[in-house]
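Notes to accompany the following structure.
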Amino acid sequence: MDIRIAQGATDDEVSAIAAALAAHLGDSVEVYVGDASEPTVVYDHEGRSNDDGDASTARDGDSDEPALEPTSRERRLRDEIEDILEGGPEKYREQLPEEDKLFVRDRLDLWFGGEDDAFLFEDGTFAAFDDWHPDGVGEETDDRLPADGLITGGATFEGRDLHFMANDYTVKRGSMAAKGVEKFLRMQQRALKTGQPVLYLMDSSGGRIDQQTGFFANREGIGKYYYNHSMLSGRVPQICVLYGPCIAGAAYTPVFADFTIMVEGMSAMAIASPRMVQMVTGEEIDLEELGGPQVHARESGSADLVARDEEHARELVAQLITYLPDNADETPPQKAGKPPAKSPEGIDAVVPQEPNKGYDMVDVIDRIVDEGSYFELRPDYGAEIITAYARIDGRPVGIVANQPATRAGAIFPDAAEKAAEFIWKSDAFNIPLLYLCDTPGFMAGSQVEKEGILEQGKKMIYATSSATVPKQTVVVRKAYGAGIYAMGGPAYDPESVIGLPSGEIAIMGPEAAINAVYARKLAEIDDPDERDRRAQQLREEYREDIDIHRMASEVVVDEIVPPSDLRRELVARFDFYADVEKSLPSKKHGTIL
Ligand SMILES: CCC(=O)SCCNC(=O)CCNC(=O)[C@H](O)C(C)(C)COP(=O)(O)OP(=O)(O)OC[C@H]1O[C@@H](n2cnc3c(N)ncnc32)[C@H](O)[C@@H]1OP(=O)(O)O
């Protein structure tokens with residue numbers, strides 16, 4: 001080809017033409033100045049010059065030079081990528097809107113398309129490409145396996161960098177085979193290196209049964225997911241949202257994750273599919289009944305929250321992440337403080353003096369924490385204990401509170417287990433703990449014995465004992481029995497135990513105590529009125545012994561605080577003890593799970 005460059009052309013003009021030519025030909029172009037025997041500049045097949053590490057100036061967005069046409073090689077690559085981004089067979093893509101479900105690429109747009117978000121990069125887009133694409137772009141078959149049904153990459157979400165994975169349900173129902181598994185594992189391993197949170201957007205029928213070679217029992221196979229989940233546990237927050245079935249191998253990711261959100265009418269998780277359940281047990285059951293949100297948010301406790309729809313799920317995670325640091329070496333982000341939604345002056349009126357009268361502890365919390373910062377987890381499971389994140393004067397705290405409005409605030413096995421996990425997670429991610437105590441203690445009876453009240457209670461006490469974050473405990477009203485141990489009582493190394501004037505700390509409640517000790521003596525009193533009068537007198541005497549003033553006099557509690565001052569007091573104490581350092585005795589780890 002004959003190329004003429006007008007005399008007087010500037011260096012920039014010559015460069016632009018040479019670069020464009022090289023890119024167009026897909027070959028290198030050498031530029032000689034005057035009679036030089038060596039080329040002054042060489043442009044490679046993509047138009048990059050050897051004296052400039054950057055792409056040619058003509059390819060820069062801010063250059064004055066004309067935009068270049070992509071080479072045929074680049075065009076082909078773009079076509080291939082475009083084809084991959086379309087996902088699985090059309091018949092499965094068309095089903096998604098009928099199920100009110102987003103196609104995975106649109107889902108990623110929803111997650112990372114906002115003002116403070118960015119989809120930064122994707123890895124392994126071409127995974128399994130050769131398996132379904134031997135004849136080039138344009139073939140539409142029912143065996144499309146784009147990206148091997150799993151997308152992984154890095155993104156900025158609400159201003160925070162994180163790793164993500166997302167199943168493509170149009171590819172063999174999001175099932176996982178060798179290449180997808182490899183991508184998943186690499187993403188997890190990178191998170192261990194970067195110390196950034198991991199977001200799992202799950203929608204998967206589990207291992208790809210008809211392609212099981214190379215990923216099922218391999219060292220670097222699907223089993224390694226859970227090894228990696230375990231390594232990441234407590235290192236970086238792992239957050240999981242379920243958009244469809246998560247079956248068998250896929251069902252462990254949500255339960256290994258620290259926080260799991262299901263979407264109403266869409267998500268389910270189960271150790272085996274309905275077809276498998278029917279085969280093994282004869283039980284006929286659909287996926288929703290087997291492992292839908294009602295099952296896991298209310299009965300098993302495996303789901304922390306249930307979202308109304310896909311957008312709501314994203315909103316919940318956007319809120320959740322504001323309480324979490326990137327990893328265990330960091331502290332959670334602080335925000336500007338806000339006054340509480342309700343006046344702290346009202347606390348005393350909310351808390352009844354009568355120990356058996358119910359009230360809503362959230363009404364107390366609303367008078368302590370910053371407005372709009374209350375974020376409850378697992379609200380429908382073990383509801384007699386509230387586990388919630390919130391901010392007090394801008395500082396994230398984890399709240400463990402008895403709920404006298406549910407089961408009289410007695411601690412049942414499911415609530416103890418829920419609280420233990422919450423305390424554990426908060427401690428792992430350096431979130432200080434606030435205990436609000438108003439409990440008659442652990443529940444008694446044959447039913448809870450069978451359900452493992454001692455086992456689950458132990459876990460809660462263990463988690464409280466070994467949490468080294470700053471802990472503040474408030475005796476709001478009654479603190480009876482081992483309830484005060486589990487709820488961060490004086491023996492559990494809290495920075496402070498504060499009592500409200502309604503507080504009582506006792507080995508058991510007055511009724512139970514008088515019955516336990518004086519039952520026989522009272523029975524000996526023949527006159528029923530006299531017996532009642534005596535019992536009442538004994539209860540009143542007992543209550544004097546357990547009153548918060550007696551506890552303060554014995555320095556069991558550090559201070560009694562006027563209820564209106566509670567928030568102010570907590571702000572000062574959390575601030576003062578923010579950097580307190582505590583350590584556990586030297587050991588590998590405890591033996592309590
Ligand atoms: C680590 C161990 C494991 O995880 S073993 C995996 C255990 N998993 C299972 O048993 C789930 C099997 N799949 C199912 O029960 C159903 O596909 C569920 C998820 C309920 C969805 O049903 P439905 O909407 O009717 O779709 P479908 O069955 O017609 O499937 C559509 C296409 O996807 C395929 N598919 C689905 N799951 C898998 C899988 N796990 N492995 C391999 N392929 C799978 C189906 O074969 C079907 O493929 P095709 O389009 O007909 O070629």
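Note that the structure is a prediction, hence the values are computed from the model and not measured. Numbering of ligands and ligand atoms starts at 1, following listing order.
- Salt-bridge annotation for Lys172 and Asp148: absent, with no side-chain N of the basic residue lying under 4.0 Å from a carboxylate O of the acidic one.
- Residue contacts with ligand 1 include Arg275, since one or more of its heavy atoms lies under 4.0 Å from the ligand.
- Cation-pi check for Lys425 over Phe422 is not met; the charged atom does not lie both under 6.0 angstrom from the ring centroid and within 45 degrees of its normal.
- There is no protein heavy atom less than 4.0 angstrom from atom 45 (C) of ligand 1.
- In terms of protein heavy-atom proximity, atom 31 (C) of ligand 1 is nearest to Tyr92 OH, 3.4 Å.
- The nearest heavy-atom contact from the protein to atom 20 (C) of ligand 1 is Ile247 CD1, 4.4 Å.
- Cation-pi geometry between Lys471 and Tyr435 is not satisfied (NZ or CZ under 6.0 Å from the ring centre, within 45° of the ring normal).
- Selection from Lys172, Arg173, Glu99 by nearest heavy atom to atom 26 (O) of ligand 1 gives Arg173.
- The aromatic rings of Tyr323 and Tyr389 sit parallel, their planes meeting at an angle under 30°, below the 60° perpendicular limit.
- Ranking the protein heavy atoms by distance from atom 15 (O) of ligand 1 puts Ser273 CB, 3.5 Å first.
- Salt bridge annotation for Glu122-Lys183: absent, with no cationic side-chain nitrogen under 4.0 angstrom from a carboxylate oxygen.
- When non-hydrogen atoms are compared, ligand 1 lies under 4.0 Å from the backbone of Ser205 as well as from its side chain.
- With respect to atom 41 (N) of ligand 1, the closest heavy atom belonging to the protein is Ile209 N, 2.9 Å.
- Here Asp123 pairs with Arg190 in a salt bridge; the nearest charged N to carboxylate O distance falls below 4.0 Å.
- Ring geometry for Phe256 versus Tyr252: interplanar angle of 30 to 60°, hence tilted.
- Environment of CE in Met231: crowded, with over 12 heavy atoms of neighbouring residues, nucleotides or ligands closer than 6.0 Å.
- Ranking protein heavy atoms by distance to atom 4 (O) of ligand 1, first place goes to Gly207 N, 2.7 Å.
- Both tests do not hold together for Arg298 against Tyr381: distance to the six-membered ring centre under 6.0 Å, angle to the ring axis within 45°.
- Annotation for ligand 1: atoms under 4.0 Å from non-hydrogen atoms of Asp210 are 42 (C).
- At least one heavy atom of Tyr169 sits closer than 4.0 Å to an atom of ligand 1.
- Interface of Gly206 with ligand 1, defined as ligand atoms under 4.0 Å from a residue heavy atom, comprises 4 (O).
- Under the 4.0 angstrom criterion, atom 36 (C) of ligand 1 counts as having a protein heavy-atom contact.
- Between Asp143 and ligand 1, a contact under 3.5 Å exists for no N or O pair.
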